[in-house]
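The next block holds one structure in the form of structure tokens; read it before the comments.
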Number of protein chains: 2
Amino acid sequence: MTDIARTARPTMKDVAARAGVGLKTVSRVVNEEPGVTDDTIARVQAAIDALGFRRNDSARLLRKGRTASIGLVLEDLADPFYAPLSRAVEDLARAHSTLLFTGSSAENAEREQELTLAFCARRVDGLVIVPASDDHRYLEPEIAAGVATVFVDRPAGGIDADVVLSDNAGGTRDGVAHLIAHGHRRIGFIADQPHIHTAAQRLRGYREAMAAAGLPVHDGWISSGPTTPEHVRAELERMLSGPEPVTALFAGNNRITVTAVRVLANRPAHPVALVGFDDFELADLLRPAITVVAQDPGELGRTAARLLFRRLDGSAGPPSRVELPCRLIARGSGEIAPAA
Amino acid sequence: MTDIARTARPTMKDVAARAGVGLKTVSRVVNEEPGVTDDTIARVQAAIDALGFRRNDSARLLRKGRTASIGLVLEDLADPFYAPLSRAVEDLARAHSTLLFTGSSAENAEREQELTLAFCARRVDGLVIVPASDDHRYLEPEIAAGVATVFVDRPAGGIDADVVLSDNAGGTRDGVAHLIAHGHRRIGFIADQPHIHTAAQRLRGYREAMAAAGLPVHDGWISSGPTTPEHVRAELERMLSGPEPVTALFAGNNRITVTAVRVLANRPAHPVALVGFDDFELADLLRPAITVVAQDPGELGRTAARLLFRRLDGSAGPPSRVELPCRLIARGSGEIAPAA
DNA sequence: TAGGGGCTGGACAACGTTGTCAACAAAGGG
DNA sequence: CCCTTTGTTGACAACGTTGTCCAGCCCCTA
């Protein structure tokens, strides 16, 4: 029965037969090409309506060479951080009459490659990738074959390609400097796993800010690892105890910040200053309101998509690297002075 | 130059020529079909590697009839509520070796139709749709032609199709009953525009709960309209003033809830009870913590996708309608007693 | 009335792949 | 030694569309 259903789909040939015209004439009507009399158009249109015909764009695009589609690979479709990024890419795609394939790499290099190559096999015109792997040489033949590729949020590994980043180090520097300006000297830093580019850059920013202020950094103040609530909680509690507890914390991304807020909420007697990387909704409504270093994920996506479509429109030239600034939003949690 | 790039893409024909074998033999090797000697396989593989050949799945699927792709149309890719829904659909798609097209209708009927039909023109095997329009008869020919279609979050209009909903009325009833149980008699209700199905159902739940408790409902206590902060703020302030101000509010979705929280935070002298539809991150960290009626967007997506793939696997039978329960999560804001 | 030009329409190949079928060689049985 | 079987391979059509090209037809002019 599935077969019947598939066979049931009318093609231009069916329309042509029913309208009593040639195949190409149907094509002309469907594509609104000139050179068909009104009378013929009407006959063809009637046949189209009667059969419920819809042009098969896959076949059309196979013939035409372009597929009018792009692929978006990100870390996790369910992560709110990427939602505005996706939407921005989608908006530009729509403006270019292009459809959007999406997929999550789940922070897994193999899955990223599998997804990306699946998109390439469908002959997407271009790719926007939030890398999960650090080796993208597998994309070389695709890029050589003309697939425009832009990396976002993290740079490509092993190949030279367009990339749009946030100024992770600079943003972190500002955030840590903010804590230092409010009198903190023992500042903890919890970030994502060190092989993730953004995490490494933020760690660099932290070290630079501490060094710029002439402050020492103890190993125990730094934690890089999974962002699971359990791990973050354990690391933070470790930093808050012992002989030299931290008086302030810089949280390396929004999930870490949220866990930190939960942990700190349970020990109101010992206020700890907090600055988090990434803004999040309601940060201003918490008490204290959370000071953050904000990226603009929508702008990341928009910039990447603009770059992509510029390439698709024929722009040549060497790969460009765009770095978007971050913005410190002081709300209170970063202004808490050290207790001691 | 674009032309060169396009021409540059090697095809099976090129591989065959280079390996000195027939076209079909290349196809056999690529698809790992039996009946090719190891020696030939090696020669073909060498040619594939040398040319950087990758099979064109568009052409393949044109030939095969199925496209191994589905389309997901939702209201807004950037809305965090839909993020877990998308991810759930994606996960099932991956499990079925299917690629995912996504797009936002932006709550606009015309855009929904345009997107959906664009997906159909690409011959997606199936569709998951969060409807923005209330008339889906335009999909009849597509469904008849075999495009499996499942509606989520809101029902289809004018056609009979599979649909997965939350129990909006029941959830709202529970939420309003919760407020009544804590002594409230004048309860405000702010929801999305009335033509949106979920908003209408939630309004029904509100009325039912009030009626069940024998409480009157004043027109001034009900507001249906755009969910912009400005409008919600104005409506709420109106309800809170006047001769018979409300002592509690039911907020019809998470965006309304957030605005309400902001407004209420500015008038701490006059505490107002609040229950919101839809859970959101950090609701438990606000003071008071926000009591909500929670849907499970991931489960909505998962259920819809399961239904879809069951249809694609050949399941016949009449359209099914699944209604998922909502869950009241009491956190404090709903337990505030009326001041008067 | 013959010839030319504009308009309308259709036949055919091509896009890159897969399914069908037949050709051919080597091997095995009588 | 011939016939059959088995295994390997390639020619060809087909999927549904578009681009190229050519054939009619009508009307006009010389």
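Protein chains get the first letters and strands the later ones, always in sequence-line order, with residue 1 at the start of each.
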message: Under a 4.0 Å threshold between the charged nitrogen and the carboxylate oxygen, would B:E90 count as salt-bridged to B:R302?
response: no
query: Just by modelled atom types, is the A:T67 backbone N or O under 3.5 Å from a matching donor or acceptor in the A:D125 side chain?
result: yes
query: Within this structure, what is the CG-to-P distance between B:D38 and D:dG7, rounded to whole angstrom?
result: 15 Å
statement: note: B:R9, atom CZ; C:dG16, atom P; distance rounded to Å ~ 11 Å
message: Could you check whether any side-chain N or O of B:R310 sits under 3.5 Å from a backbone N or O of B:S315, counting only pairs where one atom can act as donor and the other as acceptor?
response: no
query: Contact class for A:S58 vs. all strands (heavy atom < 4.0 Å): base, sugar-phosphate, or nothing?
result: nothing
field: salt bridge (Lys or Arg N to Asp or Glu O under 4.0 Å) evaluation trace for A:D313 with A:R311
entry: CA-CA 5 Å; A:D313 287 345; A:R311 292 286 182 196; over 6 Å; no
- request: Kindly say whether B:E299 contributes a backbone atom to a donor-acceptor pair with the side chain of B:T303 at under 3.5 angstrom?
  value: yes
task: Find the distance B:M12:CE to D:dA11:C1' and express it as a whole number of Å.
output: 16 Å
- request: Nearest whole angstrom, please: distance from the P of C:dT8 to the CZ of A:R43.
  value: 14 Å
Spacing of B:K24 atom NZ relative to C:dT18 atom P, expressed in whole Å: 7 Å
Strictly under 3.5 Å: I want the nitrogen or oxygen pairs between protein and nucleotides 13-15 of chain D, one per line.
from, atom 1, to, atom 2, distance (Å)
D:dA14, N3, B:R63, NH1, 3.1

field: Gap between atoms CZ and P, on A:R122 and C:dG16 respectively (whole Å)
entry: 17 Å
Non-neighbouring partners of A:R123 that pass side chain to side chain donor-acceptor pair (under 3.5 Å), sequence neighbours left out: none
task: With a 4.0 Å heavy-atom cut-off, tell me which residues in residues 26-37 of chain B come close to DNA chain D, sorted by residue number.
output: B:R28, B:G35, B:V36, B:T37
- prompt: Would one find more than 12 heavy atoms of other residues, nucleotides or ligands at under 6.0 Å from atom CD of A:E33?
  reply: yes
field: Pairs involving residues 142-151 of chain A, ordered by first then second residue, that meet salt bridge (charged side-chain N to carboxylate O under 4.0 Å, His left out) (sequence neighbours left out)
entry: A:E142-B:R9, A:E142-B:R54
- request: Would you work out how much the helix from C:dT1-D:dA30 to C:dG30-D:dC1 bends between its ends, with each end axis defined by five base pairs, to 10 degrees?
  value: 70°
query: Is the side chain of A:E112 donor-acceptor paired with the backbone N or O of A:S133 at a distance under 3.5 Å, no angle test?
result: yes
- prompt: Within this structure, what is the CG-to-P distance between B:D14 and C:dG16, rounded to whole angstrom?
  reply: 8 Å
field: ring pair (Phe, Tyr, Trp, His ring centres under 6.0 Å) partners of residues 68-127 of chain B, not counting sequence neighbours, each pair once
entry: A:F101-B:F101, B:H96-B:F309, B:F101-B:F119
field: Whether B:R122 side chain and A:S58 backbone form a donor-acceptor pair below 3.5 Å
entry: no
